[in-house]
Each structure stands twice: as structure tokens, then as C-alpha cells.
Chemist: 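The structure follows.
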Amino acid sequence: MESATQKWNHSVFSLLYLFFIYAILYLLHSNVLLPHESHLLLRIKKNPPHPLRFRPDGTFKILQVADLHYGNGPTSRCRDIPISGFRHCSDLNSTWFLRRMIQAENPDFIAFTGDNIFGSSATDAAESLFGAFRPAMESGIPWAAILGNHDQESTMNREELMSFISLLDYSVSQINPSVEELSNAAKTGKRETIDGFGNYNLRVFGAPGSHLANSSVLNLFFLDSGDRETVKGIRTYGWIKESQLRWLYYASKRSQGPKKCTNRSLSPLTLPTPPALAFFHIPIPEVRQLYYKTFIGQFQEAVACSSVNSGVLQTLVSMGDVKGVFMGHDHKNDFCGNLDGIWFCYGGGFGYHGYGKYGWPRRARVILAELGKGENAWMGVEQIKTWKRLDDDNFSKIDEQILWSSDHGRE
């Protein structure tokens, strides 16, 4: 038989155990153990209004953020800046610049074009992604991202990164096209495996109240250009693969098919082919040719691309709808140049933790699409132009240019 002392000890232990369980449940319920800033807290994603569309004034503005290179926040130091500011400069300067850009330009959409985090400096990929994209999430503006060659060097692989990014507030990023799109692109009725993670098409609809309000008038194509690969024993940068180009060509042709729209006050109209813009990180080999051609901006470092030419330019030309391509990767290049009727534009280095050039301010690119005005309503896209903003005292606006207009086809 148990003694009275043993029974008492057993009762005390039971009470302490129950108290411990109750305390844990209470802390979990009150979020003391899972603070709101932690990515472990389960909550519902905040989505932007759907779909993307032009404003009532007939404009759609995109902010391109190239090579943010976010590390560990305040402990990640800046590179290639004046010595006088080095002590107090960190990833937070990139955050402040992004907030400044969002406030000043008030974009309708933000495109992050790779190397969003500097994987080798990021202790925890999830925390660094939160830091990198926090200004976009706080703004409530729709945004999307693709991967560069450094994003996966931390604690997540490329598939995990794109999955995580797609779940963040106001992100419209996608991991890859739908099964139906891939099957149709393969022309076999079977699902094709597509290379990479982050290949997708976002459609931008016409201005509210116009006869094109329910029609796509601008396509945004995002492609994963990979990271590093080995070809015949030699290391080189990644490239856009054949499976991606097949899907891209199909997605473009699908949007170019004969379409009509009707309005109570208008007779049926055949819609023109919507122009398109493409976004990827690593430039294609043909961009090197622009050194010997006319370009707008600065060409200050060699084009770091793959040794493999996979036919991206030929595919884009054959599609006929892509008017501009926006890249990153080479931080000291911020120029736009024309190859076979398509403008290829660098964003210029944005992030302070990535390399830059002493005395050359960090910068961002802005792209503005404008609708044409009909007799009584907005029509399709009439003009696409671009410029850059510098993170200097004057927040300088430079190199404004027209990339494309419907009147001339190309500039």
C-alpha cells in the first residue's frame, strides 16, 4: 500500500503537471510564445484587389527593384559607399530607400527581379525575406518576385523560396504555371515539367468603367533564369531553358488570339494584341552587343551571363508582343538598349549590402504604361516609358525615355 506521504507527493506532482500544461496552453493562446513578427504564427494572407488593372486616369506604374541583396538587417553592412557613412549604413538603408520610392512614385505594382536576399549573408532565409519585402507588404501594393543566383544560398532551396514568397502579404508571385498551361504548351495533352521556379504570367486589365475593363491589355511575363550550372566541366551562370520558352511562347500566343468585347453603348470590337513586358534576373548573351550600339544609361561592367545561348531573343522576337525586358544581376549597369526591336533594360543596383560603385548612388527603375484615349473611353496601351530614381539628396529622376508607342511600333 502507498503511504500517506507517497499519496501526497503524487497529488502534488499531478497538480504541478496540470498547472504546467495549462500555462503552456495559455501562453500559446495569448501568442506570448509566438509573437506577431514571427513567421511561425499562422494567419490568413492579405491579398490585393484582383485583378491588376490600370487606374481610372489610364496609367499603370511599375517599380522595378533589382538586386536588393538583403542580409540580416541592421547587422549587414553596406558596400562601396563613402567611409563617412559606413558605420551607420546597413540593410536598413535599403529598406528606407524602398519606402522612399514607394511613397514618391506611388506605383501600382512592384517587381523584384532577383537576388532579393544575399543568401551567403542571410542567417535565416525566411527572416531575410520578411526584411526584404516588408515595405512592399506594409504598403498594400501588389508585388511579385523572381529569383536571382544568390537567393538560394541561405536556408531554403529555390522551390521553398518561391513557395514562401507566394504566401506573403499582397504577393501575386506564383511558383510556376498551371498544369493546364503546361499541357497545352507541350501540345501533347500531357503535363510537361518546366524548369525552374517562378515562371508565370500576370495580366493587367483595362481601366475601370472602360469597355476594356474586363480584358487584359498588358501582359507581364516572369521567368526563372537560374543560378549556377556546369557546362563541359566549366562553371557558368544559369539560363532560361527550352521548356520555359515553350510555355512562354504558348502563353503569348494564347493572349494574341482573336478576342472581342462588347459594351451596351458600343458595337463589338476586335481587341488589339496586348503588349507585354518580361522580367528575369540574368541577362542573355546578346546584351553584350549593346556595348557597340546606342544605349541610354551607364554600361560600366561586363555582362555576366551564361555561356549557353538558349534562344531567348529569337523566341521573344517571334512572339511579337514583348516590348521591354527588365533585368538585374550586373549592379553597375543601368542602361537600356534595343535588340531586334525589343528594349533590354537593367534596373541598376538597388540594395546597399550588394556591391556597387563608390560615388554612384543606388537606384531603381520605374516603368509607366499609358492607355490611349478614344472618343468616349480608354483604349489599349498607347505608350510605355521608363526612367530611374537615385537615392541621393535630390531623389534625382534621370534617363526618361519612351520604350514603345502604338503609333510607331517601336522607338
Side-chain angles (χ1 to χ4, degrees), residues 63-105 107 110-122 128 131-132 135 148-150 237 281-283 287-288 290-305 326-337 343-367 385-401:
L63 167 62
Q64 181 196 4
V65 179
D67 298 278
L68 187 55
H69 274 259
Y70 199 92
N72 291 318
T75 62
S76 293
R77 291 296 167 201
C78 301
R79 299 176 61 182
D80 301 316
I81 64 167
I83 298 298
S84 59
F86 179 79
R87 181 179 177 184
H88 302 290
C89 188
S90 70
D91 277 334
L92 299 185
N93 289 67
S94 303
T95 299
W96 295 329
F97 181 29
L98 183 49
R99 285 181 175 143
R100 186 184 190 191
M101 284 297 305
I102 292 171
Q103 182 177 12
E105 290 288 358
I110 306 171
F112 294 88
T113 53
D115 282 358
N116 311 295
I117 63 174
F118 198 179
S120 58
S121 297
S128 294
N149 54 293
H150 286 296
Y237 284 110
H281 182 72
I282 299 174
V287 173
R288 292 170 171 167
L290 292 172
Y291 186 80
Y292 305 100
K293 298 185 178 185
T294 301
F295 55 82
I296 298 174
Q298 300 296 312
F299 198 142
Q300 301 181 117
E301 64 175 308
V303 175
C305 59
F326 301 91
M327 317 161 294
H329 193 52
D330 302 322
H331 304 186
K332 293 186 286 186
N333 290 338
D334 73 345
F335 64 85
C336 284
W343 285 93
F344 285 77
C345 298
Y346 278 101
F350 188 100
Y352 279 86
H353 188 47
Y355 77 86
K357 180 181 178 181
Y358 183 86
W360 201 62
R362 272 24 180 214
R363 58 203 58 217
R365 181 171 292 281
V366 178
I367 305 136
K385 58 186 179 182
T386 185
W387 61 85
K388 298 184 293 282
R389 288 280 189 185
L390 309 184
D391 193 19
D392 59 12
D393 291 339
N394 299 318
F395 201 46
S396 304
K397 180 180 180 180
I398 64 170
D399 296 338
E400 185 170 4
Q401 66 179 109

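Computed over heavy atoms, backbone and side chain alike; hydrogens, waters and symmetry mates excluded.
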Chemist: If every non-hydrogen atom of Pro283 is compared with every non-hydrogen atom of Val303, which pair is closest and at what distance?
Modeler: CG-CG1, 3.6 Å
Chemist: Apply the test side-chain contact (heavy atoms from CB on, under 4.5 Å) to residues Trp343 and Phe295: give CA-CA distance (whole Å), side-chain angles for both, the deciding distance (0.1 Å), then the verdict.
Modeler: CA-CA 10 Å; Trp343 285 93; Phe295 55 82; over 6 Å; no
Chemist: Between the main-chain N or O of Asn72 and the side-chain N or O of Ser128, is there a donor-acceptor pair closer than 3.5 Å?
Modeler: no
Chemist: Using a 6.0 Å cut-off, check whether atom CG of Asp393 has over 12 heavy atoms from anything other than its own residue.
Modeler: no
Chemist: Partners of Glu400 by salt bridge (charged side-chain N to carboxylate O under 4.0 Å, His left out), sequence neighbours excluded?
Modeler: Lys385, Lys397
Chemist: If you define the side chain from C-beta out and look only at heavy atoms, does anything of Cys305 sit under 4.5 Å from Val287?
Modeler: no
Chemist: Considering all heavy atoms of both residues, which atom of Arg362 and which atom of Gly354 are nearest to each other, and what is their separation?
Modeler: NH2-O, 2.9 Å
Chemist: To the nearest 0.5 Å, tell me how far Thr113 OG1 sits from Phe326 CZ.
Modeler: 10.0 Å
Chemist: Provide the closest heavy-atom pair for Pro74 versus Leu92 in the form atom of the first, atom of the second, distance.
Modeler: CB-CD1, 4.0 Å
Chemist: Nearest 0.5 Å, please: how far is CE in Met101 from CZ in Phe350?
Modeler: 6.5 Å
Chemist: Which pair of non-hydrogen atoms, one from Tyr70 and one from Thr95, has the smallest distance, and what is that distance?
Modeler: CE1-OG1, 3.6 Å
Chemist: Working to the nearest 0.5 Å, report the span between CG of Asp80 and NZ of Lys332.
Modeler: 7.5 Å
Chemist: Asp115 side chain to Asn149 main-chain N or O, any donor-acceptor pair under 3.5 Å?
Modeler: yes
Chemist: Decide, yes or no, whether a salt bridge links Asp399 with Lys388 under the criterion of side-chain N to carboxylate O below 4.0 Å.
Modeler: yes
Chemist: Less than 6.0 Å separating the ring centroids of His69 and His353?
Modeler: no
Chemist: I'd like to know if the side chain of Glu301 and the backbone of His331 have a donor-acceptor N/O pair within less than 3.5 Å.
Modeler: yes
Chemist: Go through the steps to decide whether His281 and Asp67 satisfy the test side-chain contact (heavy atoms from CB on, under 4.5 Å), and finish with yes or no.
Modeler: CA-CA 9 Å; His281 182 72; Asp67 298 278; 3.1 Å; yes
Chemist: Walk me through whether Arg363 and Ile398 qualify under side-chain contact (heavy atoms from CB on, under 4.5 Å).
Modeler: CA-CA 10 Å; Arg363 58 203 58 217; Ile398 64 170; 3.8 Å; yes
Chemist: Angle class for the Tyr237/His329 ring planes (parallel below 30°, perpendicular above 60°, tilted otherwise)?
Modeler: perpendicular
Chemist: Could you measure the distance from the CZ atom of Arg77 to the OG atom of Ser90? Nearest 0.5 Å is fine.
Modeler: 6.0 Å
Chemist: Relative to each other, are the rings of Phe335 and Phe299 parallel, tilted or perpendicular (30° and 60° limits)?
Modeler: parallel
Chemist: Would you compute the distance between atom CG of Leu63 and atom CD1 of Ile102 and round it to the nearest 0.5 angstrom?
Modeler: 6.5 Å
Chemist: Donor-acceptor check, side chain of Gln64 to backbone of Arg365, threshold 3.5 angstrom: yes or no?
Modeler: no
Chemist: Out of the candidates Asp391, Asp91, Asn93, only one should pair with Tyr352 under the side-chain hydrogen bond (donor to acceptor under 3.5 Å, both in side chains) rule; please name it.
Modeler: Asp391
Chemist: What pairs with Cys336 under disulfide (SG to SG under 2.5 Å), at least two apart in sequence or on another chain?
Modeler: Cys345
Chemist: Evaluate the criterion side-chain contact (heavy atoms from CB on, under 4.5 Å) for residue pair Met327 and Tyr346; output intermediate values, then yes/no.
Modeler: CA-CA 5 Å; Met327 317 161 294; Tyr346 278 101; 4.0 Å; yes
Chemist: Show the nearest heavy-atom pair for residues Gly351 and Ser94, with the distance to one decimal.
Modeler: CA-OG, 3.5 Å
Chemist: Looking at every non-hydrogen atom in both residues, tell me the closest pair between Ala132 and Asn116 and how far apart they are.
Modeler: CB-O, 3.8 Å
Chemist: Any side-chain heavy-atom pair from Asn333 and Gln298 closer than 4.5 angstrom?
Modeler: no
Chemist: Could you check whether any side-chain N or O of Arg389 sits under 3.5 Å from a backbone N or O of Phe395, counting only pairs where one atom can act as donor and the other as acceptor?
Modeler: yes
Chemist: Tell me whether Tyr291 at atom OH has more than 12 heavy atoms from other residues, nucleotides or ligands lying less than 6.0 Å away.
Modeler: no
